[in-house]
Asker: 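Once you've had a glance at the structure underneath, I'll fire off some questions.
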Amino acid sequence: VQLQASGGGLVQAGGFLRLSCAASGQSVGGYTMGWFRQAPGKEREFVAGIRWKGGYKDTYYIDSVKGRFSISRDSAKITVYLQMNELKPEDTAVYYCAAYEGLLITSSVRSDMNYGYWGQGTLVTVSS
């Protein structure tokens with residue numbers, strides 16, 4: 001599957017952005033999806049993940065974004081979103097969406113090594 005990330009930009013602290021990750025016209029209903037970010041001079045880190053099992057969804061977040069970010073998917077199962085509210089300067093990074101074809105176990109959702117498909121990244125800059 002090919003992924004296209006978009007929605008990044010420049011925003012003031014306290015503002016919001018919604019990132020989108022569009023699959024190449026196919027459903028990602030059977031995929032585990034993740035958002036990762038990489039700030040300048042830092043390693044890539046997990047931000048949020050979502051998977052569906054038996055009609056139920058599980059979501060995962062890094063502690064620093066809990067309560068501010070929300071990951072979701074559209075009803076057509078083609079686009080995954082990352083709604084980012086109350087943005088902080090430390091959220092500044094290039095954000096990447098990623099996909100794993102299948103259901104990752106909970107302990108594997110946060111590791112970028114488990115995702116085989118990646119979007120190109122979208123830059124989020126939060127000014128103070």
Side-chain angles (χ1 to χ4, degrees):
V1 63
Q2 292 184 326
L3 304 174
Q4 180 75 33
S6 62
L10 174 63
V11 64
Q12 289 187 333
F16 63 90
L17 286 172
R18 188 175 78 161
L19 305 184
S20 299
C21 177
S24 53
Q26 69 179 75
S27 169
V28 290
Y31 287 70
T32 300
M33 303 297 295
W35 283 98
F36 292 79
R37 67 186 179 187
Q38 187 167 22
K42 294 187 177 181
E43 294 187 353
R44 186 164 60 190
E45 67 173 354
F46 170 82
V47 177
I50 189 168
R51 63 173 196 170
W52 292 268
K53 183 177 181 182
Y56 295 92
K57 69 174 183 181
D58 295 318
T59 56
Y60 306 84
Y61 299 94
I62 192 173
D63 286 346
S64 60
V65 308
K66 285 181 180 178
R68 300 189 297 121
F69 290 13
S70 178
I71 187 170
S72 63
R73 182 190 69 187
D74 70 343
S75 58
K77 304 178 183 179
I78 293 177
T79 304
V80 175
Y81 302 100
L82 184 67
Q83 178 67 41
M84 307 186 297
N85 299 326
E86 301 176 35
L87 283 162
K88 303 176 180 181
E90 51 264 42
D91 294 320
T92 294
V94 177
Y95 283 70
Y96 300 89
C97 63
Y100 170 83
E101 187 173 5
L103 184 69
L104 280 173
I105 60 175
T106 298
S107 60
S108 298
V109 171
R110 301 170 185 270
S111 174
D112 60 357
M113 295 175 57
N114 296 311
Y115 292 82
Y117 304 96
W118 290 84
Q120 84 289 1
T122 184
L123 176 62
V124 172
T125 303
V126 184
S127 63
S128 57

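Computed from a predicted structure; not experimentally measured.
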Asker: A side-chain contact here means heavy atoms from C-beta on lying under 4.5 Å apart; do I62 and E45 qualify?
Answerer: yes

Asker: Looking at every non-hydrogen atom in both residues, tell me the closest pair between A99 and Y31 and how far apart they are.
Answerer: CB-CD2, 3.8 Å

Asker: Hey, does the side chain of T125 reach the backbone of L10 with a donor-acceptor pair shorter than 3.5 angstrom?
Answerer: no

Asker: Looking at F36 versus W118, is the centre-to-centre ring distance below 6.0 Å?
Answerer: yes

Asker: Please report the closest heavy-atom contact between A23 and V28, naming both atoms and the distance.
Answerer: CB-CG1, 3.6 Å

Asker: Can you confirm whether Y96 sits close enough to T122 that some side-chain heavy atom of one is under 4.5 Å from a side-chain heavy atom of the other?
Answerer: no

Asker: To the nearest 0.5 Å, tell me how far Q83 CD sits from L19 CG.
Answerer: 9.0 Å

Asker: Would you tell me whether E101 and Y115 have side-chain atoms, one donor and one acceptor, within less than 3.5 Å of each other?
Answerer: no

Asker: Using only atom types and a distance under 3.5 Å, with no angle test, would you say the side chain of D74 pairs donor to acceptor with the backbone of T79?
Answerer: yes

Asker: Give the cluster check for F69 versus I71: same hydrophobic cluster or not, with ILVMFWY residues linked at side-chain heavy-atom distances below 4.5 Å.
Answerer: yes

Asker: Taking atom types as modelled, is there a side-chain donor on Y60 or T106 under 3.5 Å from an acceptor on the other?
Answerer: yes

Asker: Would you say V11 and M84 are hydrophobically clustered, going by side-chain heavy atoms of ILVMFWY under 4.5 Å?
Answerer: yes

Asker: State whether the side chain of Q4 and the backbone N or O of S24 hold a donor-acceptor pair below 3.5 Å, judged by distance alone.
Answerer: no

Asker: Just how far is it from atom OG of S72 to atom CZ of R18, taken to the nearest 0.5 Å?
Answerer: 7.0 Å

Asker: Is the backbone N or O of G102 less than 3.5 Å from a side-chain atom of T32, with the two atoms forming a donor-acceptor pair by type?
Answerer: yes

Asker: What is the distance from atom CG of L3 to atom OG of S20, rounded to the nearest 0.5 Å?
Answerer: 12.5 Å

Asker: Is there side-chain contact between D112 and N114, with at least one heavy-atom pair below 4.5 Å?
Answerer: no

Asker: Between atom CZ of R51 and atom CG of L104, what is the distance when rounded to the nearest 0.5 Å?
Answerer: 8.0 Å

Asker: For G121 and A5, which heavy atoms make the closest approach, and how far apart are they?
Answerer: N-CB, 4.4 Å

Asker: Flag the pair V47 / Y61 as yes when at least one side-chain heavy-atom distance between them is below 4.5 Å, and no otherwise.
Answerer: no

Asker: Could you tell me whether the side chain of T92 and the main chain of V126 form a donor-acceptor pair under 3.5 Å?
Answerer: yes

Asker: Please report the shortest heavy-atom distance between S128 and A13, naming the atom on each side.
Answerer: CA-CB, 4.4 Å

Asker: Without swapping roles, check the side chain of S111 against the backbone of S108 for a donor-acceptor pair under 3.5 Å.
Answerer: no

Asker: Answer with yes or no whether the hydrophobic clustering places L123 together with F16; edges join I, L, V, M, F, W, Y residues whose side-chain heavy atoms lie under 4.5 Å apart.
Answerer: no

Asker: Side-chain heavy atoms under 4.5 angstrom apart, residues restricted to Ile, Leu, Val, Met, Phe, Trp, Tyr: same cluster for V109 and L103?
Answerer: no

Asker: To the nearest 0.5 Å, what is the distance between CH2 (W52) and CE (M33)?
Answerer: 7.0 Å

Asker: Is Q2 atom CD crowded by more than 12 heavy atoms from other residues, nucleotides or ligands, each under 6.0 Å away?
Answerer: no

Asker: Roughly how far apart are L82 CG and I50 CD1, rounded to 0.5 Å?
Answerer: 10.5 Å

Asker: On a heavy-atom basis, which atom in R37 and which in S64 lie closest, and how many Å separate them?
Answerer: NH2-OG, 3.5 Å

Asker: Could K88 and D91 be called an ion pair, given the rule that one side-chain N must be under 4.0 Å from one carboxylate O?
Answerer: no

Asker: Y81, V124: one ILVMFWY side-chain cluster at the under-4.5 Å cut-off?
Answerer: no

